[in-house]
Amino acid sequence: MLLDQNTSVPLYEQLKEAIKADIGSGVYHPGGRMPSETELEQKYQVSRITVRRAIKELCDEEILVRKQGKGTFVLDHEKYRRLDRTVGGFHDMMEKEGKKITVDILEKSIVRVKPSYARDLHIDPEDDVVYMKRLMYANDVPIMIDTTYIPLKKFPGIYEKLVGNVALFRLMEQDYGVHLERYYKVLKVQKASKEMSRLLGCHAGDPVFDLFKVTYDREGIPQNISVSILKGEGTKYVISNSDGDELNQGELSWRV
């Protein structure tokens with residue numbers, strides 16, 4: 001698309017609209033890398049100054065994002081999720097977004113947990129616990145590394161049922177009659193290890209979210225612990241006291 005040199009609309013504004021249109025039509029994909037400044041100059045027949053101003057303003061508008069040493073990328077606005085909206089698990093969250101869910105079980109064993117986890121689960125440190133580590137995908141894109149601890153005395157036989165693409169919380173409800181109604185979460189940020197970067201498709205040292213969660217039933221009894229590692233770069237998570245994702249007057253909302 002060539003820009004109109006004879007209109008009163010500045011070229012950088014025309015370029016912004018052209019890039020937005022190309023994003024909307026699928027020329028540039030959410031999460032994908034944009035062409036270089038030189039390539040954009042050639043494609044749209046404009047100067048380097050025009051390209052740089054258009055890209056800067058699109059970054060300011062959170063349509064594009066610059067990544068140091070990597071280039072400019074289209075922000076994936078689908079990666080904008082609530083950390084506080086539901087007790088439900090990964091399957092519930094992704095299905096509400098219309099995503100295809102797949103799961104790779106990386107590790108599964110019977111273990112004894114450390115004393116602090118035993119206290120959180122209200123079990124004896126000598127009790128057997130199912131340890132399961134999974135890589136979770138949405139539309140074939142790795143989203144989260146999830147490590148779960150499930151007391152066997154509360155869920156006898158669950159080890160054998162944890163196979164394939166199983167939805168853990170649905171299994172707890174349907175097979176064991178456990179209704180999960182509240183949780184306790186702790187969120188921190190860390191740098192991706194080599195293993196995390198390999199699994200999530202990011203770079204070692206990239207920021208990732210580390211989410212610790214204890215989930216409770218209707219009686220307030222803890223049922224499981226999960227530690228989830230979620231991609232940080234290019235991703236937004238929201239904590240809010242309303243059901244919407246918008247920042248409204250009088251609403252407390254936190255965005256990353």
Side-chain angles (χ1 to χ4, degrees), residues 1-83 94 97-100 135-145 187-210 229-238 245-247 253-256:
M1 173 182 175
L2 294 180
L3 308 186
D4 187 351
Q5 303 280 347
N6 299 314
T7 181
S8 61
V9 179
L11 284 174
Y12 75 87
E13 288 285 357
Q14 294 184 54
L15 180 55
K16 284 171 58 181
E17 293 307 313
I19 291 173
K20 289 178 184 178
D22 283 344
I23 292 172
S25 65
V27 175
Y28 308 128
H29 299 284
R33 188 178 185 276
M34 289 289 294
S36 68
E37 290 182 351
T38 300
E39 291 170 327
L40 291 173
E41 284 180 62
Q42 295 172 350
K43 177 175 181 178
Y44 297 102
Q45 295 294 293
V46 293
S47 69
R48 180 68 59 92
I49 293 174
T50 297
V51 169
R52 286 180 175 172
R53 179 161 182 180
I55 295 299
K56 179 184 182 302
E57 294 202 3
L58 289 171
C59 288
D60 291 342
E61 295 173 16
E62 297 189 341
I63 293 170
L64 303 178
V65 59
R66 291 186 188 276
K67 299 182 181 181
Q68 188 67 34
K70 302 175 187 175
T72 302
F73 293 77
V74 181
L75 268 177
D76 187 349
H77 290 283
E78 290 186 346
K79 293 181 181 177
Y80 185 84
R81 302 189 177 100
R82 295 289 294 262
L83 288 177
M94 291 296 103
E97 296 182 14
K99 304 288 177 60
K100 180 186 75 172
L135 181 59
M136 324 288 274
Y137 299 80
N139 288 348
D140 299 320
V141 177
I143 298 295
M144 177 173 68
I145 305 166
L187 177 69
K188 64 181 181 180
V189 179
Q190 62 170 295
K191 293 182 178 180
S193 66
K194 289 183 179 179
E195 182 193 21
M196 293 174 190
S197 65
R198 177 178 60 81
L199 293 173
L200 292 175
C202 60
H203 292 83
D206 280 356
V208 293
F209 293 105
D210 183 325
I229 304 296
L230 305 102
K231 281 185 176 178
E233 193 170 42
T235 307
K236 295 183 178 181
Y237 296 98
V238 175
D245 291 335
E246 302 82 10
L247 180 60
S253 181
W254 176 81
R255 287 175 171 81
V256 177

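All of these numbers come straight from a predicted model, not from anything done at the bench. The figures here come from the full heavy-atom set of this structure, side chains too, leaving out hydrogens, waters and symmetry mates. In this chain, residues are counted from 1 in sequence order.
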Query raised in the report: Quick one: does K231's side chain have a donor or acceptor within less than 3.5 Å of a partner on L200's backbone?
Result: yes
**Report entry** Shortest non-hydrogen separation from P142 to L135 and the atoms involved
**Finding:** CB-CD1, 4.2 Å
Report summary line: Those residues at least two apart in sequence (or on a different chain) that pass side chain to side chain contact (heavy atoms under 4.5 Å, CB included) with S25 are D22, V27
Requested in this report: Determine whether Y137 and I143 make a side-chain contact, defined as any pair of heavy atoms from C-beta on separated by less than 4.5 Å.
Outcome: no
**Report entry** Gap separating the CD1 atom of I145 from the CE atom of M136, nearest 0.5 angstrom
**Finding:** 11.5 Å
Report summary line: By side chain to side chain donor-acceptor pair (under 3.5 Å), T38 pairs with (sequence neighbours left out) R48
Query raised in the report: Can you name the side chain to side chain contact (heavy atoms under 4.5 Å, CB included) partners of E39, sequence neighbours left out?
Result: P35, S36
Report task. Go through the structure and list residues passing side chain to side chain donor-acceptor pair (under 3.5 Å) with Y12, not counting sequence neighbours. Result -> R53
Query raised in the report: With K191, which residues qualify under side chain to side chain donor-acceptor pair (under 3.5 Å), at least two apart?
Result: none
Query raised in the report: Is it true that a side-chain atom of Q45 and a backbone atom of Q42 form a donor plus acceptor pair closer than 3.5 Å?
Result: yes
Report summary line: So CD1 of I19 and OH of Y44: to nearest 0.5 Å the spacing works out to 5.0 Å
Query raised in the report: Heavy atoms, side chains only, cut-off 4.5 Å: are H203 and K67 in contact?
Result: no
Query raised in the report: Atom CG in L15, atom NZ in K43: separation rounded to 0.5 Å?
Result: 10.0 Å
Query raised in the report: For the atom pair CD1 (I63) and CE (M34), what is the distance rounded to the nearest 0.5 Å?
Result: 10.5 Å
Query raised in the report: How long is the gap from NZ on K16 to OG1 on T50, to the nearest 0.5 Å?
Result: 12.5 Å
Requested in this report: Measure the CG-CD1 distance between L64 and I55 for me, rounded to the nearest 0.5 Å.
Outcome: 5.0 Å
**Report entry** Partner residues of R52 under the side chain to side chain donor-acceptor pair (under 3.5 Å) criterion, sequence neighbours left out
**Finding:** E37
